[in-house]
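The residues of the chain are indexed from 1 along the displayed sequence. What you see is a predicted model; the values in this text were computed from it and never measured.
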Amino acid sequence: MGGVKSQGSLVFGLDIGTRSIVGTVGYKADDGFHVLAQEIKEHESRAMLDGQIHDIGMVGSTILSVKKRLEERLGKELGEVCIAAAGRVLRTVTVNVSKEFESETEVTDEDIYNLTTEGIEQAYDEFQSKNDTDMKFYCVGYTPMRYYLNGYQIGNLEGHKAKKISEDLIATFLPDDVVDGLYKAVEHAGLHVSNLTLEPIAAIQVAIPEKFRLLNLALVDVGAGTSDISITREGSIVAYGMIPVAGDSLTDVIVQKCLVDFDMAEHIKRSLRDGKTEIEFTDIMGLTQKIASADINKALEPYIDDMTTKVADEIKRLNGDKAVSAVFVVGGGGMVPGYTQMLSSKLGILKERVAIRGEDVMKDIIFEDENAHKDSLMVTPIGICLSFYAQSNNFIFVTFNGTRLKLYDNGHLTVSDAALQVSYPNEDLFPKRGKAITFTIGGKSRIVRGTEGESSVITINGDVADLYSQIRSGDNIEVKASTPGQDAVFTLGELNELKTPIRVNVNSQIFEMPKKAVVNGKLEDTFYEVKEGDEITVNNFYTVEQIAEFLDAPLGGNILVNSTPAVSSTKVYEDFTLEYDIAGGAVKSSSSEDKKTPEPGSFDSLPDDDGTAAEMKQKMAENAEKAESENADGSDGSDDSKQGNSKSGIPIPLSITANGKPLTLTGKDSYVFVDVFDRLNFDLNKSNGRKIITLLNGKNAMYLEPLKNGDVIDIRWEDV
């Protein structure tokens with residue numbers, strides 16, 4: 001077997017019959033098909049009936065045994081296999097498909113392939129529209145019947161120039177349970193199906209060469225459980241059929257006649273083919289018996305008569321209610337004495353025109369395996385191998401999340417093609433974002449997107465893959481849907497517009513106050529979760545009243561904003577100066593002349609900027625110029641009322657107790673309560689929804705309340 005490896009790719013064909021399994025391995029060369037090895041093994045039990053697998057595990061084990069024997073002989077592992085299905089519950093569809101070119105074009109092999117593929121798809125759609133059963137069918141084979149070039153019939157389109165090409169095509173369909181059983185049995189043996197065809201299509205590859213197909217012929221493949229039929233006419237195969245009666249029905253008669261088990265009955269039936277006049281056998285009692293072949297033939301005669309009647313009727317039906325010119329018979333069941341003569345009688349044709357086809361049609365088959373069989377039993381197994389070259393890779397079967405799919409193979413099918421075939425939701429393949437939030441801020445639209453979920457998880461035969469991974473026949477594809485991300489959650493505090501505080505000079509001290517946001521006309525805190533469609537306005541000012549409330553220093557009397565008399569509703573912007581009397585505290589600034597009384601307004605409804613800010617800033621600039629002028633005249637610009645507890649301006653240290661620890665304040669000539677925060681390690685940004693408690697000598701403190709030596713201060717968070 002040294003030359004095997006040099007031949008390149010080998011073809012492994014399996015004929016999974018009702019009675020036995022035949023494995024054939026070979027390759028195609030210029031001089032014909034070379035058979036390198038062949039193995040036959042009968043089922044150990046009735047694991048198949050009428051071409052249908054009943055015990056997948058048992059059939060799979062027999063396939064595995066045949067596979068191992070072939071591998072031992074070849075010294076090569078076998079992974080891909082071609083198989084054929086019996087025509088049980090066979091349905092056929094004949095279609096005509098055309099393709100027009102924009103201009104006269106030379107027809108290529110690819111053009112013919114695409115035309116045939118389109119015909120298969122058209123046949124499948126037509127069949128599905130007429131399928132009145134609950135069964136799911138698959139296309140298991142097809143045959144181009146006739147080609148047309150610009151409307152005229154032609155034998156081969158390739159190389160001709162044409163404006164329009166057409167094709168008549170016959171496609172065959174079988175139920176899912178038949179196909180599924182074959183695939184599972186093959187997979188049980190560790191094999192992947194590279195090509196699936198129909199048994200009569202396979203048989204005709206060998207039994208009726210193309211040069212004979214101009215004649216009106218019938219091919220009958222008489223197996224153990226089914227008799228498969230195909231008809232040729234005018235150079236092509238025009239019809240397929242099947243009857244569920246074959247060799248096993250005759251074996252069952254012998255079982256009853258001779259009181260033997262099924263295997264012994266098969267031995268007796270095969271002895272009839274050898275022409276023995278008397279057959280010796282052992283019955284179920286263990287007794288050796290002898291019977292004349294004539295007696296068995298007489299017992300079989302009515303059953304052969306019934307079988308050939310059904311075959312003849314099916315041939316006529318497929319051939320337009322008329323007999324064919326000749327019949328070729330293959331398969332073991334047709335080798336029973338009297339079968340061909342009786343079939344010719346039923347068809348009304350000469351007995352010489354119904355003949356068994358065996359070694360005489362295998363002239364182009366080179367048997368390198370010396371022990372290979374060359375009779376009619378081997379026609380279909382070799383034909384299965386030849387079918388690989390005739391129609392391989394035209395369709396494949398895969399499993400997608402437990403659903404078996406039939407896909408027309410264009411040579412580069414991927415997971416996405418399979419997903420499309422089952423209408424798998426597109427959103428389950430790609431990461432899903434959580435729901436976004438769209439809102440407006442300052443009249444401009446803004447969107448906050450949800451988080452992205454996990455991508456779908458795809459495996460092929462257990463190995464990690466992706467949408468673009470190529471798939472092959474027999475692949476098991478599993479897709480775990482992508483997961484959705486979290487919906488967008490966004491609080492006002494996350495707005496960049498609110499992260500920069502407003503700095504205001506209040507009674508000669510700088511304070512930073514957070515900006516506020518109005519949502520749909522209502523003031524909301526920073527913990528407010530923004531909702532779809534919210535309209536947000538960020539206010540870049542505080543009113544005098546709100547500043548006093550924020551500092552916990554109630555208004556007492558005179559109010560000055562940028563040295564201009566103001567009221568509690570006056571707006572204070574970035575870098576403005578506010579001076580006012582604290583209720584119950586020292587007067588920080590006093591001037592009541594020319595008070596302006598603006599109309600009070602609600603903070604919630606105030607616009608971002610109504611012109612007041614610009615006016616106030618202009619006033620500040622004017623006051624600064626005035627102060628410089630006074631200083632130039634020799635005035636120091638000081639005001640004792642603004643010096644607090646000391647008129648000297650010299651820094652005085654202050655000793656207090658804060659949160660149980662001694663603390664010394666330095667650098668100023670007077671101190672108020674909020675000065676403690678500059679020295680105390682207390683983060684005002686970590687409220688987490690809690691309320692701050694500020695105590696001075698055991699009583700609630702105001703932020704601008706003056707401090708003195710020995711004061712005891714307590715600052716802490718308290719749950720609301």
Side-chain angles (χ1 to χ4, degrees), residues 15 17-20 22 40 42-43 46 48-51 86 199-200 203 207 218-229 242-281 290-315 326-347 349 351-361 373-381:
D15 183 8
T18 301
R19 188 66 197 140
S20 61
V22 181
I40 304 174
E42 292 189 353
H43 297 292
R46 302 292 292 274
M48 291 184 67
L49 294 173
D50 298 338
E199 287 186 358
L219 173 67
V220 181
D221 183 358
V222 188
T226 61
S227 296
D228 296 304
I229 302 165
M242 183 276 305
I243 62 168
V245 179
D248 276 0
S249 61
L250 302 180
T251 306
D252 287 334
V253 174
I254 298 174
V255 167
Q256 300 298 325
K257 171 73 176 176
C258 299
L259 202 62
V260 293
D261 59 27
F262 194 86
D263 290 339
M264 183 57 69
E266 275 289 302
H267 163 72
I268 295 171
K269 187 173 69 174
R270 282 193 289 268
S271 298
L272 293 174
R273 303 172 191 167
D274 299 336
K276 294 181 180 180
T277 57
E278 190 176 61
I279 301 169
E280 185 176 298
F281 63 91
K290 290 184 179 181
I291 188 170
S293 297
D295 292 340
I296 299 176
N297 287 331
K298 186 175 181 180
L300 294 178
E301 186 175 340
Y303 297 94
I304 296 174
D305 182 274
D306 177 68
M307 186 190 305
T308 53
T309 298
K310 290 177 179 177
V311 170
D313 289 345
E314 181 68 2
I315 289 173
V327 178
F328 293 141
V329 179
V330 299
M335 297 172 68
V336 176
Y339 182 90
T340 55
Q341 295 90 332
M342 206 168 288
L343 181 57
S344 65
S345 174
K346 302 296 181 183
L347 287 170
I349 60 177
K351 64 179 181 179
E352 291 83 7
R353 292 188 175 176
V354 178
I356 294 173
R357 300 283 274 179
E359 187 174 359
D360 54 324
V361 294
H373 294 262
K374 301 178 183 179
D375 56 25
S376 64
L377 284 169
M378 295 300 108
V379 169
T380 298

| field | Residue pair S271, H267: steps toward the side-chain contact (heavy atoms from CB on, under 4.5 Å) verdict | value | CA-CA 6 Å; S271 298; H267 163 72; 3.8 Å; yes
| Are any of the side-chain heavy atoms of M335 and L272 separated by less than 4.5 Å? | no
| message | For a 4.5 angstrom cut-off between non-hydrogen side-chain atoms, does L347 reach R353? | response | no
| request: Would you tell me whether T251 and K269 have side-chain atoms, one donor and one acceptor, within less than 3.5 Å of each other? | output: yes
| request: Return yes when atom OH of Y303 has more than 12 non-hydrogen atoms of other residues, nucleotides or ligands closer than 6.0 Å, and no otherwise. | output: no
| query | Would you say the side chain of M342 lies within less than 4.5 Å of the side chain of T309, judging by non-hydrogen atoms? | reply | no
| query | Do D221 and T380 have side-chain N/O donor and acceptor atoms under 3.5 Å apart? | reply | yes
| field | Donor-acceptor under 3.5 Å (S227 side chain, V245 main chain) | value | yes
| query | Could you state the interatomic distance from CG (D295) to NZ (K257), rounded to the nearest 0.5 Å? | reply | 5.5 Å
| request: Indicate yes or no: does K346 engage D313 in a salt bridge with an N to O separation below 4.0 Å. | output: no
| query | Could you give the distance from CG (L259) to CZ (F281), rounded to the nearest 0.5 Å? | reply | 8.5 Å
| message | Can you tell me how far apart CG (D15) and CD1 (I40) are? Round to the nearest 0.5 Å. | response | 9.5 Å
| said: Taking K276's backbone N and O only, do any of them form a donor-acceptor pair with S293's side chain (distance below 3.5 Å, no angle check)? | reply: yes
| Mind checking what makes salt bridge (charged side-chain N to carboxylate O under 4.0 Å, His left out) contact with K310, not counting sequence neighbours? | D306
| said: What I want to find out is whether K298 reaches E301 closely enough, with some N-O distance under 4.0 Å, to be called a salt bridge. | reply: no
| Gap between atom CD1 of I229 and atom CE of M242 - 0.5 Å precision | 9.0 Å
| said: Measuring only between side-chain heavy atoms, which start at C-beta, is Y339 closer than 4.5 Å to V220? | reply: yes
| task | Starting at CE of M264, measure out to CD1 of I254 and round the result to the nearest 0.5 Å. | result | 12.0 Å
| request: Measure across C258 and I268 and return the closest heavy-atom pair with its distance rounded to 0.1 Å. | output: SG-CD1, 4.1 Å
